[in-house]
Amino acid sequence: MKHDHYDAVVIGAGHNGLVTACYLQRAGLKVLVLERNSYIGGATTSISKYEDFTYSNCSYVCSLFRQEIARDLELYKFGMQVIPYNGGAQIIKNEDGSHDMLGAYWHADANRRDLERLSKRDANAYDRLNRDIMRQCEFIKPLLMRTPPDPTSFKPRDLMELLYLGKRFYGLGKERMLETIRFYTMSAADYLNEYLENDALKSYVAGGATVGTALGVYSPGTAYVLLHHAMGDIDGTVGAWGFARGGMGAISKALNDSFIASGGEVRVNAGVSKFIVERGKVKGMQLEDGEVIDADLVVSGMDVRRTFNAVDPNELPAWVVERVKNFRFRGSSAKINIALDGVPKFHGVPDGSPCLTGDIHISQSMEELETAYDDWKAGRWSDKPYLDMLIPSLIDPTMTPEGKHWMSIFIQYCPYEPAEGGWTEARRQAFGQHIVNRIAEFSPDFTEKMLHMELRTPKDIETEVGLTEGNIFQGELTMDQLIFNRPIPGYAQYRSPIKGLYMCGSSTHPGGGVMGAPGANAAREVLLDLGRRN
Amino acid sequence: MKTNTNNNQRPLIERPIQETAFYPSYKHLIQNDNYEEWSGYTALASFACEGQEYFAVRNTCGVYDICPMIKYDISGPDAERFMNRLVTRDVSKMLPERVVYAVWCNDNGHVIEDGTVFRYSATDFRLCCAERQLEWLEDSSIGYDVSIADVTEEIAGLAVQGPVSCRILKKMGFTGVENLKPFQLATFPLHGYDVVISRTGFTGDLGYELWIDVKNASDLWESLFSAGKPHGILMMGSEALEMLRIEAGLMLVNAEFMSCFQTVRLNRDRTPFELGLDWLVDFNKGHFIGRRALLKVSMKGLSRKLVGIDIDWNKQADGALIYDSKDASKQIGEVTSALWSPILKQNIALAYLDAPYFDGGKEMWAEVYLHRECMWERKMYKCRVAQRPFYSPDRRRLTPPNDM
Ligand SMILES: Cc1cc2nc3c(=O)[nH]c(=O)nc-3n(C[C@H](O)[C@H](O)[C@H](O)COP(=O)(O)OP(=O)(O)OC[C@H]3O[C@@H](n4cnc5c(N)ncnc54)[C@H](O)[C@@H]3O)c2cc1C
């Protein structure tokens, strides 16, 4: 055995692993990060695949990243800059075949007036909907950077934390308590139906409720996913989303550089094949090439299934093995990045509209979104999928050559394993073509402007990024897999049944998205066990 | 002229806010580009000198463009029943051609807004307020035979306020306008169209509000200003109005309270009692929205209440926190709106005070921060509860008003 000289080893250079590594290194530990890929970042990368174009290959917009982490780790010094975007367009296909657009603008009155054309009532009700979602955000946000309590434990700390949660909840008052309970159990469609009447507006809002889940807009529990997308903020503007300058990879690069600057070490092409455990304690790990590294403090940024698959089941309680097996991933999202020879036109969008700097959507109704889900259940990609399309290069000058652009297309739903057989190259291409055709129905010159396409099915996401079944959040964000249930009841505090083995990925509280909170929370727990404060 | 919406047209995206129907008429009077947004319209904080605009209302006649007020027409066989369910006071007592000030709540008894209710006939009402709330009106009218229409964009309004306002209106040919009692309204003809005139306003002075179809806006404005010119008529902006309404002791949504439709934080909702609007809540009229909750809170004492206060010295106490002692050991309140009153020569404010301070008679100190020549100074001034309205001249109530 090679001699160990690291205080801690973090597995995976995803953004969460890097956040944990930064905090531990800054607390005075000597930390090594091991990454299986030849590049860092996990699902937070910007890798050039075509000429002078840079894509955000997986995640593409940022909102959830915790400001306290950016400040603690001085990420601005290492080039991280998140620029909020305005705009957004819901393209509407009228019955007579003509098109219209519901625009999102930086100015509330422009939004209202555009909405008033479709429904005066909704123009008012939309404000109330947003207010109610903000109320839920106020409730949940302080919980993001806290370790969830174990509801069955009688340790003073768990009791205090439960008390804190209880107090916050009871402090809401009767009306808001009831509102909250309903909110967490409702479907996005039912929730929105209580406020809105216009289908275009509803589908514009509802699409986000299915992202990363294997649920439909009518499935109970999806109202919460709406919140998961609204609870972020940029410099205090709650619900705002932005582009990381240079692509999402700039965030992991800043984390990486901050880590290196504080003395940390990252090794790429260093996949871990198994953890070495003796008498319930972690002793080190073996890499895919057979190399063994000693360590009695290991933090895994891999998802919960990969983490425990690397542990001999003999070392684990049977119920843990079972829980890990039952943790739901069910990848349902795909990603396409396209290099464009200019900004494509869209039916219904006036020339020069500022709306294109935001998210562009073409789903027409709640029924269409639900049908998209039905396709997925049957093991097919959606005929009319929910597409979240953005053109970051309209704002970010660093990603494409002058006059050229790139478009990020997030696709919900796409099966992990097509029912008619696995993902062959031909089937991949057919899927890509299907999406391009679908967009072309709304964009007359889209195909013509295409220069290059990067395609990622859930299977590709699993293979390339290491996200089990391609689930973008390292496990679905449903109530039964959140807070003290994430990833496993009893092990929601970043620890595991193996002494010295911790978890810090999106499989842990508060879950997926480029947020950094799991990583920061995990570091805090590790340091607590070491009796140190960061 | 790029004004107003054609309802089916995409808004001018390069200019999200609209011009009011009167804007083209008074545009040439704007001297200092002191614009602000009001409910999606271009409004003026001042046209020229806000002090002069303020004194126009106390001395001659000041005119304020109230087109951005949100207006809902509520009509139908059940209109009276519905209005009585909506607001906390009894509108069944209202005669046609009357206006009342009212407040309305949600089922928790939390204030949605305050505003005015116009009654045109047995079955026709108009609700005039500052915030849009069509979906609430629609939802709470389920089961009532009423139609509700947002007429904000169709109806233009001008507030014509001040001691000579009546004289100017008479001169314009509105014969009999002098007989309008406070909170009464009547329809008058002018150049072939109707002008609804209500003796209402937000200034605490003699004053009227003129309501017309937007298409007659420029004619009305020209007529008013040519009649008013020899009498010192002046357009005014919101800065002057702010001074006037504080002197009148009137509260303003988003200054004294936030609509419970907009609050996100806990403990920001207000009941009418906390706002000192007990006199608007009528428990004897039968059911209304929020009644049960309000009955409950009316049994308990208030923990805080909005009152008028008067502060020593002459430094406007904007945003001041109020303490029980000069050494600021316990905070017992806060100022919501403050003014050095030019007419009263008094330093007045609207403020929330905790119990029992709002009953008056206790020692209180306001912590005032002064920004003088780029330096902040902190001052403690003694203050006391004062009667509202702070200023209320007789001409506000006299009918006919004395003509001067
Ligand atoms: C297509 C897509 C789009 C998304 N869009 C957004 C978005 O727009 N906004 C947003 O906020 N979130 C988005 N997300 C979610 C977000 O990107 C993820 O939740 C987040 O990046 C996960 O970070 P992580 O550090 O927890 O895990 P990961 O990024 O998955 O990091 C895990 C790392 O561990 C490495 N690894 C795996 N196995 C091993 C091993 N055996 N040995 C060593 N290393 C290993 C992996 O290579 C990887 O680098 C998206 C995700 C995807 C896939």
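Lettering of chains follows the sequences in order, A, B, ..., and the numbering in each one begins at 1.
- Annotation: A:Tyr224 is in aromatic contact with A:Tyr184 [ring centroid separation under 6.0 Å].
- Partners of A:Glu161 under the side chain to side chain contact (heavy atoms under 4.5 Å, CB included) rule, at least two apart in sequence or in another chain, are A:Arg146, A:Pro149, A:Tyr164.
- A centroid separation of 6.0 Å or more is found between the aromatic rings of A:Phe442 and A:Phe446.
- Taking the six-membered ring for Trp and the full ring otherwise, B:Phe288 and B:Trp104 have centroids separated by 6.0 Å or more.
- For the options B:Asn108, B:Asn267, B:Asp107, heavy-atom pairs under 4.5 Å to chain A are most numerous at B:Asn108.
- Every residue two or more places apart in sequence or in another chain that forms a side chain to side chain contact (heavy atoms under 4.5 Å, CB included) with B:Thr263 is listed here: A:Arg135, A:Arg176, B:Met258, B:Arg268, B:Asp269.
- Heavy-atom pairs under 4.5 Å with chain B peak, among A:Gly173, A:Gly171, A:Ala125, at A:Ala125.
- Interface check for chain B: of the options A:Arg128, A:Glu138, A:Met134, the most heavy-atom pairs under 4.5 Å are formed by A:Arg128.
- Both the backbone and the side chain of B:Asp150 come within contact range of chain A, judged by heavy atoms closer than 4.5 Å.
- Among A:Asn124, A:Leu172, A:Asp122, the residue making the largest number of heavy-atom pairs under 4.5 Å with chain B is A:Asn124.
- Only the side chain of B:Glu37 comes within contact range of chain A, with heavy atoms under 4.5 Å apart.
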